[in-house]
Amino acid sequence: MYERRRLTPLCTLLLAFLISLLAMMDAYAFFNTKVRAEDEIGGSVRALIHGKSDYFPTLKSDISAQIEGDLATVTVVQTFLNPSDKVLNAIYLFPLNKDAAVSFMMMETGDERITAVIKKKAQARALYDTAKSEGKAAALLSQHRPNMFTQELANLMPGQPVVITLKYSMAVPRIDGAYELVVPLVVGPRFVPQPKPVARTVSNGETQGPAKKSGQWSFGKLPAYPMVGGLTIPDTIEKDRVSLHIELKSAVTLKGIKSTTHKLVVSGDDRQKSIDLAAGRTMDNKDFVLRYELSGRSVEAGLLSHHDERGHFFSLLVEPPNAPLEKDITPREMVFVLDTSGSMMGMAMDASKTFMRHAIATLRPRDYFRIIRFSDNTGEFAARPVQATTLNKMAGLKYVNSLMAGGGTQIPKAIEQAFSVPAEPGTLRIVTFLTDGYIGNEARVLQLINEKIGDARIYAFGVGSSVNRYLLAEMGRIGRGFARFIDPSEDVNKVAMELARRLEAPLLTDIKINWGGLKATQATPEIIPDLFKGDSLRIMARSMDKLPAGSTHTLTISGYTNGRKADMPVSFTVPQKLDADRYNALPLVWARSTIADHMRVLNTGRSYRRKAGSNAQVEGAVTKLGLDFSLMTQWTSFVAVSEKIVNEAPKDAVDTNVPLNRVKGVANEAYGKKAPVNGQQIPLPNRLQKAQRQQGTRTALITSRLQGVGTGGFVGSVPGGFGGSTAPEPATNAAMLLLLLLMITGWMWGKRRKA
């Protein structure tokens, strides 16, 4: 028995203090993450972040698309509103399709409607800054990557909406048997390895990394990532900010219209369809994807043309021949490279594992395979390629199942690892990347692939609901392969099974075009990629010669099918009467594809060049195309300035960002949170271990503890993360105090027992 004792006055006071402190922490957490009631009533959108009161503009986007066959013109209407009582200078970070030829911008403010002009980037910036300092309304559109833009608005007045209209054209690609229109709706986070040397400033006002070697290009750093809904901004930010409407027309029957990402309402007849979102509006937290089929196609190539004062433009659509027989298929060395960085945590990682289960199951007995995982560092299933026996496939699956996500996204290290050993003799090496592509050093990745690729192919599988499609598509293009995408919020098992079946060799390789009498000298893409089953390829060209009306021309497509020469003639007749409005998107699509060729040269180094010239010459060529065709590029921007002064005190305006919604399925880790420890080691089958020991190679898995983001960070408003805080969250502080309280209580209880 022990005697019950009362708490001493000191202990009572300590307990009271701790309880009060816990209550204060709860109150702080509430006011730090919610908008006060009076602010909601007043219509002001603000939050207390890092001790600073931030005001946010609101946004609604209305997107419409006109599609004829496989050519699309997309209109994006962005309506910005300042609900606060302060004048704001707003910045909105947003995506467009990686192939978008952005050719028009207009600003509407008050009773003014201003059509933007295309200027060199530095000139557009100067015009915008001047207008901003004068108190005029102004808008500046800048491209940071082919799929990433910022819209800047100067002097956004309280309660006065500003409407920005953008238009772009693009060819809709045929992928796995259906045409696929992708409308990106949110920019995901980007991990950027931190350079050691001191950064330098260039003429466009952006900060660059260290100077690269001769023949390599450096691009400006990515823009700061704004605050993110669900992490750092109040819940009252409007979520369903986007509407979508599509008009789809075709000369043949339309069928198979569907979206795996959003529910649709479809109306119309078999050659004309109107497509809307079933919910009316949607949250901008994942990409919109529409797929449709054109029936009645019996040819494997077709040609479209358009003529105006800029020349005669041709668009050649090529489809692959029939698939070879199973006995004719070359054995493969499949190198699976899995992203296990923090941004893959949760649904994306689960989707990658689901894909791998199906991919490993489809391996043939004559195939070999490797499995590499990467984050801040790399690890591998085995030290060399292993044959796809039943036992080895089971061990590979066990390894995949053990992987966990955490750390940064060091894709260059993964590329080095993938090509660190020679390919298995007598096989075609296919390197399959599974990643969300949330990085900012795209140029370095593409340079490495160009250096290392050899005779291999690269298949890039984007895993996520809003991935870096530009990077993944370029990885596939430079790697003479393809890019596919897995949305982990949908039926992953079905999608993964279907995509795993696509891990075949290309059907048509080494493609060349003999344009015959068309004299089409400026063809794009400059290096024609391979063709795969269910895909098609659009090759654009321009001729400055005048072609006689009614004249017939024949061009020839050639290539190799499983090592055998293949040829196909295509005939084309110049129309008797030229229609200036028919296929008028072709010049823009040609110019955009030509710009992509030039940028590919800069992103991959000199070895990719043919007659591209110096970096300065390439920059000049891209700038000229942008100005001649009124297109957004790396070095051209749209700018619009009002005639009227709307703000008499421009120096008092508050700089702020339009907040973004959190990307669906992306964990907190992607926005700067801590990483967990990676998975366990899985031994290979005993006989394989013995064989490798005899060769003096390692057989244990090279799995190691993942570190936090130590060699780089996600571009954002705080070091190492997007819009997050480096200090513990209020809930974390409260938990620590509660733990301390329990420890004190346990200590006092222990003293009573001893007594």
Side-chain angles (χ1 to χ4, degrees), residues 98-99 101-103 117-129 140-150 192 195 197-223 310-311 440-451 470-471 474 477-478 521-527 540-542 544 587-588 590-639:
K98 62 182 179 59
D99 297 319
V102 185
S103 58
V117 293
I118 194 79
K119 295 285 186 182
K120 291 183 178 180
K121 199 168 190 177
Q123 294 173 347
R125 167 64 64 184
L127 288 172
Y128 175 83
D129 288 343
L140 176 68
L141 181 65
S142 301
Q143 175 185 310
H144 304 278
R145 298 291 187 270
N147 61 339
M148 185 191 300
F149 298 78
T150 53
V192 181
V198 178
R200 55 198 173 89
T201 302
V202 292
S203 59
N204 62 7
E206 293 183 333
T207 301
Q208 289 187 325
K212 293 181 179 289
K213 297 177 182 178
S214 175
Q216 296 184 358
W217 198 264
S218 295
F219 292 106
K221 71 174 185 178
L222 295 174
R310 295 169 294 189
N441 59 331
E442 290 98 334
R444 177 57 182 153
V445 169
L446 301 177
Q447 288 165 7
L448 265 180
I449 290 174
N450 185 55
E451 293 170 6
Y470 157 65
L471 171 66
E474 285 299 295
R477 173 61 63 89
I478 293 171
T521 56
Q522 295 174 292
T524 177
E526 183 182 11
I527 296 180
M540 311 290 296
R542 178 170 74 163
M544 300 308 293
L588 299 177
W590 171 84
R592 177 66 185 80
S593 183
T594 304
I595 289 169
D597 278 338
H598 289 308
M599 297 307 295
R600 203 167 285 126
V601 167
L602 298 183
N603 285 339
T604 54
R606 289 189 181 277
S607 61
Y608 196 80
R609 301 174 190 227
R610 289 184 176 177
K611 299 178 181 178
S614 66
N615 286 343
Q617 289 173 317
V618 173
E619 178 179 341
V622 170
T623 303
K624 187 176 188 305
L625 283 167
L627 296 175
D628 289 349
F629 288 82
S630 189
L631 289 178
M632 287 293 302
T633 72
Q634 184 78 23
W635 296 287
T636 55
S637 294
F638 276 112
V639 61

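Note that the structure is a prediction, hence the values are computed from the model and not measured. Residue numbers run from 1 in the order of the sequence given.
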Please report the closest heavy-atom contact between [X] and [Y], naming both atoms and the distance.
| X | Y | result |
| --- | --- | --- |
| H144 | F149 | CD2-C, 4.0 Å |
| A523 | D597 | O-OD2, 4.4 Å |
| N147 | K98 | CB-CA, 4.0 Å |

For the residue pair [X] and [Y], establish whether any side-chain heavy-atom pair is separated by less than 4.5 Å.
| X | Y | answer |
| --- | --- | --- |
| V445 | E442 | no |
| V117 | F638 | no |
| K120 | S637 | no |
| P146 | R592 | yes |
| F629 | S103 | no |
| L140 | S142 | yes |
| V601 | N615 | no |
| L625 | T633 | no |

Side-chain (T623) to main-chain (W635) donor-acceptor, under 3.5 angstrom: no
Worked verdict on L141 versus V639 for side-chain contact (heavy atoms from CB on, under 4.5 Å): CA-CA 6 Å; L141 181 65; V639 61; over 6 Å; no
Going from [atom1] on [X] to [atom2] on [Y], what distance comes out if it is rounded to the nearest 0.5 angstrom?
| X | Y | atom1 | atom2 | answer |
| --- | --- | --- | --- | --- |
| R542 | R310 | CZ | CZ | 9.0 Å |
| R125 | K121 | CZ | NZ | 8.5 Å |
| R444 | I449 | CZ | CD1 | 11.0 Å |
| E474 | N450 | CD | CG | 11.5 Å |
| T524 | R600 | OG1 | CZ | 7.5 Å |
| H598 | S593 | NE2 | OG | 10.0 Å |

Member of L588, T636, V102, I118 meeting the side chain to side chain contact (heavy atoms under 4.5 Å, CB included) criterion with S630: I118
